[in-house]
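Following: one structure in structure tokens, then a few remarks.
Letters A, B, ... mirror the listed sequences (proteins, then strands); counts begin at 1. This is a predicted model, so every value here is computed, not measured.
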Amino acid sequence: MRRYNPKEIEPKWQQVWAESGIYKTDMSRTADKFYVIPMLPYPSGDLHIGHWYNFGPTDTVARFRRMLGNNVLTTIGFDAFGLPAENAAIKRGIQPAKWTYSNIDSMKRQIAQIGASYDWDHTLATCQPDFYRWNQWLFLRLYEKGLAYRAKRVVNWCPKDQTVLANEQVVGEDNVCERCGTPVIQKELEQWFFKITDYAERLLDDLETVEWPQKVKTMQVNWIGKSQGALIKFRVPDTRHQIEVFTTRPDTIYGATYMVLAPEHPLVKVITTDECRPRVEQYIEETSHKTELERKEGEKHKTGSFTGAYVLNPATKEKIPIWIADYVLFSYGTGAIMAVPAHDQRDYEFAKKFNLPIKQVIMPCEDDSTNPPKEEFEEVERPTVIVHLLDKSTGKYALLDWHESLEGITTAVMGGIEKGQTPEQAALNEIKEEASIKDAKITKKLAWVTGARYCASHKQQNRKAVAYGLVAEVENLDNQAEIAASEKKLHTLVWVDKKEVLDRLTPEHQKLVWNQLWDETSLDDEGELIDSGKYTGLSSAEARDKIVADLAKEDVAKEQVNYKLRDWLISRQRYWGTPIPIIYCEKCGIRPVPEADLPVILPEDVEFELSGQSPLTHRPDFVNTSCPECGGPAKRETDTMDTFVDSSWYFLRYLDAKNDKAPFDTDLINRWMPMDHYIGGIEHAILHLLYARFVTKFLHDNYGLDFEEPFKKLTNQGIILGPDGQKMSKSRGNVVNPDEQVNSYGADSLRLYLMFMGPYEQGGPYDMSGIAGSRRFLDRLWVLVGEFLEAEGPNNSKDLEIAATTHKAIKKVSRDLGQLGFNTAIAAMMSLVNELYKIKAETGISQSTGWRFALETLTQLLAPFAPHITEEIWESLGHDSSIHISNWPLWDDKLVAEEVITLAVQVNGKVRSEIVVAADITEEDAIAAAKSDEKIATQIAGRPVKKAIYVPGRLVSLVI
RNA sequence: GGGGAUGUGGUGAAAUUGGUAUACACGCUAGCCUUAGGAGCUAGUGGGGCAACCCGUGUAGGUUCGAGUCCUAUCAUCCCCACCA
């Protein structure tokens, strides 16, 4: 018998497949099309285990669908533009183009080892002119519609290298250039943008229509960051300036005690008074140099500066000061906020630090769940004190356990504030009444009032308590008098340790007061308005609408939806990317390159100057051109496009990769899209997938695509970690080299192991000895087939049993594979092999129909996972066409069904025995059989069975 | 601070979605194959107990005839976003 030698059969079949073209897709057959691809890889020149984990299982899905009868298209290409090629060029003096193409060649060779069923007629590399010319085409279409525009934006700039730096190239705590160590500055440059924000709402809404992991959808929702609120104008008195703010809480406007502008806000320069100007300018200077780290630090320690100017609060008509602070972001909303320190944590911290006024306008007010108001009673508002009394000699606090109708309720000392009383007086009074202590002193009063609704049943009314929280202290209890009998009847006074108080208090409101006493924070939740003019008493929700509507009448407010999503900055001051097809003419200004002149070719022989600037700027033959409008001298845009532009539509180009008249044939695209299954890493959850969705929607609106979402179904594979459970990295020395694994075990074993090691979306550490198990499984199958081929005799007494076992495996594998349950599907095939070995041990192996059926079927089930060995076995079993275009086996439920089944028998919920019964047993018979089982009979021991439950096919449960 | 995920043998994991917990694999143990093997085959492998049995899915409660699965609280680990007004 031949030994299983993957080194021999894998290259052999890869060549056979390439020559026979069995994976070439007939693009005209679309009724049962299935389009599945892995995400576009970057050609780093080295195929790592993560690529295998992406490409292998994706190919398994493709092969499974192909065997099911779908017309499958799967292919791969290269995301070939980008910074690493330029870095290589600078470091090693190789042309980026040459470096990239050579990487693509070596990656193609490595990819071939996987044995994937790619149709290479559909591949592409984004750095080829016949691809990127259509990037330029896309740019022109967007430009035409006003969705590509130019605006200023600050960038990281290295003054020495005269170049723009990506965020990742700014390193160190002091923000220096990665290359030369010069401190990086912020510089404003004209940049090109795509107006993705126009699509924000649709990008949000249509997420509901796709079959994606919830996690990715949530990430996109958060990224788009929709919030509903209002724009409100604040007038600067004695000037014609107005400052607009965005707020989601117009209901808190009466509490807006100051305003904050972002340091970059254009009005800062205008409104700042001469007196404050030096300090303000210094602050702006400081914040522009802040590092990420310092800015994060700012979450704890707010900084800012007063401008000396004021605005009018349109609700209160009061003058409030204008500050600048970097906790307000220029890029969000209007770059200005109304600060409501009582009801926003950030404003609160700022106000505390700079001693700005804090005014409460929202009162939390909820029903007391321990004593809720009753519908039939009227509501009466009642000012209340909640006072926590500390006995300093013991460190314990006083609590009241209430009796009678309030049984089970525990509160602090509390009571109403009578007319003319201050909260402090009322508190001391209650201490006197309820605790009989006369020498207590008030030591703390809570800044907020808090409300709660409860039922005062003895007065036949509901009460809205508006509570002042206080702390009082008493030196010791030497002077405590006997508590009056009338009070004792109502409640018992208990003294408890500080840490127990919260656990003992029962009404939510009491807990809130206690917590606020020790850790006072702003009240960010909604509630009831207080101290807000005519809106006092309304709920936040009611007030929000009314206030905006009223201010809108004066034209100072309007409802507004705001998004965190920014427009897509596509300019890169880089060489190795798609040239932006724009020409600057001295006379005519900005002119797009006419479509007929595309592509604007990126020169591939360039010199990298020491200056660090894009080599394009030093290429007169590229830069100098003539104006398409007037024919006069003009200059080309030397910026290139973000590589995310390439990946935002490459999957459309795959389908029609050789079209030289158009980016793609729209009819063809409409028949093949949306993509049925897209598989790749979660790292692209936001940008790539969002941009692809945006471009698809744009093409839907403007270029005849009849679908709005590109990817029907998305799967994120997990991350393969090193054997030590850490992320693989060269410095850690835990990188698993797939070539070595293939060399030792074969590509089929590697593919199989990667899919067997755990749930696909989970990933996990690569176990160097785990792959041996996958190889062993393939070996065992190989041996079994070998023995079958050499066996004698046509019939086998176990044929029926073999058939039943095989049908069960078909069912399990088919179902699991359908939901990407690779690991359990493989386990089922391993089980089948184990079963076959058992049967072989019992009755031997023979050339029976049962054995042939089992081995052929098993090989087919395995084919999508391990394409080479299964093809070899298939051939040895006498087939002359590829297993990969054979029909996926079907199971027969009749054969899967067991004739006799084993039922578990539970007594009082515990399994006590098992009974073997006919599969179609009735409930009655099953219960009777269970009762008569020997072990069960002793368990029951003559006691009456109160209840008997039969779960068909599973168990009988007896309750005695 | 906000959002999400995950806790099951020595290890990776499974459990038909509320029905016999630990399938499958790694590792380990023993035996077999007369060659010292990164080979193969067979058997065993959650913990405790001589046993009948008892215990067991991070922890503590709850619902249920029955809970890894549902509910409440709690602990731990990981990931993402993060001053978004």
Next item on the list: Using a 4.0 Å heavy-atom cut-off across all strands, classify A:Tyr745 as base, sugar-phosphate, or nothing.
Entry: base

Next item on the list: Take A:Tyr760 and A:Thr60 through the side chain to side chain donor-acceptor pair (under 3.5 Å) test and state the conclusion after the steps.
Entry: CA-CA 12 Å; A:Tyr760 185 52; A:Thr60 296; over 6 Å; no

Notebook entry, point to check: Tell me, which pairs form a salt bridge (Lys or Arg N to Asp or Glu O under 4.0 Å) where one or both residues lie in residues 556-568 of chain A, sequence neighbours left out?
Noted result: none

Next item on the list: Kindly say if A:Arg912 contacts the phosphate of B:rC65, meaning a side-chain N or O under 4.0 Å from OP1 or OP2.
Entry: no

Next item on the list: Begin from the C-alpha positions of A:Thr521 and A:Gln516 and carry the test side chain to side chain donor-acceptor pair (under 3.5 Å) through to its verdict.
Entry: CA-CA 7 Å; A:Thr521 56; A:Gln516 281 281 330; 3.0 Å; yes

Check: To the nearest angstrom, how far is A:Leu261 atom CG from B:rC83 atom C1'?
Finding: 16 Å

Atom pairs, protein N/O to nucleotides 23-30 of chain B N/O, distance under 3.5 Å:
from: B:rA25; atom 1: OP1; to: A:Asn834; atom 2: ND2; distance (Å): 3.0
from: B:rC26; atom 1: OP1; to: A:Arg776; atom 2: NH1; distance (Å): 2.4
from: B:rC26; atom 1: O2'; to: A:Ser769; atom 2: OG; distance (Å): 3.0

Next item on the list: Quick one: the dot-bracket string of RNA chain B, using Watson-Crick and G-U wobble pairs with both distances under 3.5 Å, [ ] for crossing pairs and | for bases paired to another strand.
Entry: (((((((..(((......[....)))((((((.......))))))(((....)))..(((((..]....))))))))))))....

Next item on the list: Just grab all the salt bridge (Lys or Arg N to Asp or Glu O under 4.0 Å) pairs involving residues 950-960 of chain A, residues at least two apart or on different chains.
Entry: none

Item checked: Gap between atoms CD and P, on A:Gln214 and B:rC80 respectively (whole Å) -> 19 Å

Note to self: Starting the side chain at C-beta, find the nucleotide from B:rA13, B:rG19, B:rC41 nearest to A:Gln762.
What the structure shows: B:rA13

Item checked: Value in whole Å for how far the C1' atom of B:rA21 lies from CG of A:Leu955 -> 14 Å

Next item on the list: I would like to know whether A:Glu201 and A:Tyr563 meet side chain to side chain donor-acceptor pair (under 3.5 Å); could you show each step before the answer?
Entry: CA-CA 9 Å; A:Glu201 191 67 39; A:Tyr563 300 93; 2.3 Å; yes

Margin query: Roughly how many Å apart are B:rG37 and B:rA51, using the C1' atom of each and rounding to a whole number?
Written below: 43 Å

Notebook entry, point to check: Do A:Val905 and A:Arg912 come close enough that some side-chain heavy atom pair is under 4.5 Å?
Noted result: no

Next item on the list: Applying ring-ring contact (aromatic ring centres under 6.0 Å, His included), name anything that partners A:Phe350, two or more places apart in sequence or on another chain.
Entry: A:Tyr258, A:Trp323, A:Tyr327, A:Phe354

Item checked: Pairwise C1' distance for B:rU17 and B:rC70, with rounding to whole Å -> 11 Å

Margin query: Using the ring-ring contact (aromatic ring centres under 6.0 Å, His included) definition, which of the options A:Trp52, A:Phe865, A:Tyr766, A:Tyr53 pairs with A:Tyr753?
Written below: A:Tyr766

Check: How long is the span from the CD atom in A:Gln762 to the CD1 atom in A:Ile720, to the nearest 0.5 Å?
Finding: 10.0 Å

Next item on the list: Would you indicate what A:Val905 reaches in the nucleic acid, counting non-hydrogen atoms under 4.0 angstrom: base, sugar-phosphate, or nothing?
Entry: nothing

Checklist line | Atom C1', compared across B:rA15 and B:rU8: separation rounded to whole Å | finding: 10 Å

Margin query: Going by ring-ring contact (aromatic ring centres under 6.0 Å, His included), name the residues that satisfy it together with A:Trp568, two or more places apart in sequence or in a different chain.
Written below: A:Phe194, A:Tyr691

Margin query: Measure CD/A:Gln906 against C1'/B:rG18 and give the value in whole Å, please.
Written below: 11 Å

Checklist line | side chain to side chain donor-acceptor pair (under 3.5 Å) partners for A:Ser744, two or more places apart | finding: none

Next item on the list: For B:rU16, decide between syn and anti, treating a glycosidic angle within 90° of 0 as syn.
Entry: anti

Note to self: Heavy atoms from C-beta onward define the side chain here; which of B:rC80, B:rA13, B:rU16 lies closest to that of A:Pro759?
What the structure shows: B:rA13

Note to self: Counting only side-chain heavy atoms from C-beta out, which of B:rC65, B:rA85, B:rU42 sits nearest to A:Tyr837?
What the structure shows: B:rU42

Next item on the list: Name the residue closer to the 5' end of RNA chain B, choosing between A:Arg249 and A:Pro765 according to the nucleotide with the nearest heavy atom.
Entry: A:Pro765

Margin query: I'd like the C1' distance from B:rC26 over to B:rU72, given in whole Å.
Written below: 38 Å

When the side chains of residues 816-833 of chain A are checked against the rest of the protein, which donor-acceptor pairs come out under 3.5 Å, sequence neighbours left out?
from: A:Asp816; atom 1: OD2; to: A:Lys812; atom 2: NZ; distance (Å): 3.1
from: A:Asp816; atom 1: OD2; to: A:Thr824; atom 2: OG1; distance (Å): 2.8
from: A:Asp816; atom 1: OD2; to: A:Ala825; atom 2: N; distance (Å): 3.4
from: A:Thr824; atom 1: OG1; to: A:Gly821; atom 2: O; distance (Å): 3.1
from: A:Ser831; atom 1: OG; to: A:Ala827; atom 2: O; distance (Å): 3.3

Margin query: Distance check, P atoms only: B:rA25 and B:rA43, in whole angstrom units.
Written below: 12 Å

Item checked: Interatomic distance at P, B:rG40 relative to B:rG46, whole Å -> 23 Å

Notebook entry, point to check: Name the one of A:Asp525, A:Thr252, A:Asp251 that satisfies side-chain hydrogen bond (donor to acceptor under 3.5 Å, both in side chains) with A:Ser540?
Noted result: A:Asp251

Notebook entry, point to check: At under 4.0 Å between heavy atoms, what does A:Ser227 touch on the DNA or RNA strands: base, sugar-phosphate, or nothing?
Noted result: sugar-phosphate

Notebook entry, point to check: Rounded to the nearest Å, what distance is computed from the CG atom of residue A:Asp524 to the C1' atom of nucleotide B:rC83?
Noted result: 12 Å

Notebook entry, point to check: What distance, rounded to whole Å, do you find between the two P atoms, one in B:rA23 and one in B:rU16?
Noted result: 15 Å

Check: With a cut-off of 6.0 Å (strictly less than), are more than 12 heavy atoms of other residues, nucleotides or ligands near CZ of A:Arg815?
Finding: no

Next item on the list: Only counting residues at least two apart or in another chain, list the ones meeting side chain to side chain contact (heavy atoms under 4.5 Å, CB included) with A:Asn908.
Entry: A:Val959, A:Ile960

Notebook entry, point to check: Does B:rG38 adopt a syn or an anti glycosidic conformation, taking syn as a chi angle within 90° of 0?
Noted result: anti

Notebook entry, point to check: Do A:Lys302 and B:rC83 have a side chain to base donor-acceptor pair shorter than 3.5 Å?
Noted result: yes

Item checked: Nucleotide B:rU42, atom P - distance to NZ of A:Lys840 in whole Å -> 8 Å

Check: For A:Val911, which contact category applies under a 4.0 Å heavy-atom criterion: base, sugar-phosphate, or nothing?
Finding: sugar-phosphate

Notebook entry, point to check: Heavy-atom contacts under 4.0 Å between residues 333-345 of chain A and RNA chain B, which residues?
Noted result: A:Ile337

Note to self: Please determine whether a side-chain nitrogen or oxygen atom of A:Lys947 lies at a distance below 4.0 Å from atom OP1 or OP2 of B:rC65.
What the structure shows: yes

Quick test: give all pairs of protein nitrogen or oxygen and nucleotides 67-69 of chain B nitrogen or oxygen below 3.5 Å, distance rounded to 0.1 Å.
none

Check: With A:Phe234, which residues qualify under ring-ring contact (aromatic ring centres under 6.0 Å, His included), at least two apart?
Finding: none

Checklist line | Value in whole Å for how far the P atom of B:rG56 lies from NZ of A:Lys910 | finding: 8 Å

Note to self: Can you measure A:Leu329 atom CG to B:rC83 atom C1' for me and round it to whole angstrom units?
What the structure shows: 6 Å

Notebook entry, point to check: With a non-hydrogen cut-off below 4.0 angstrom, is A:Ser957 in contact with a base, only sugar-phosphate, or nothing?
Noted result: base

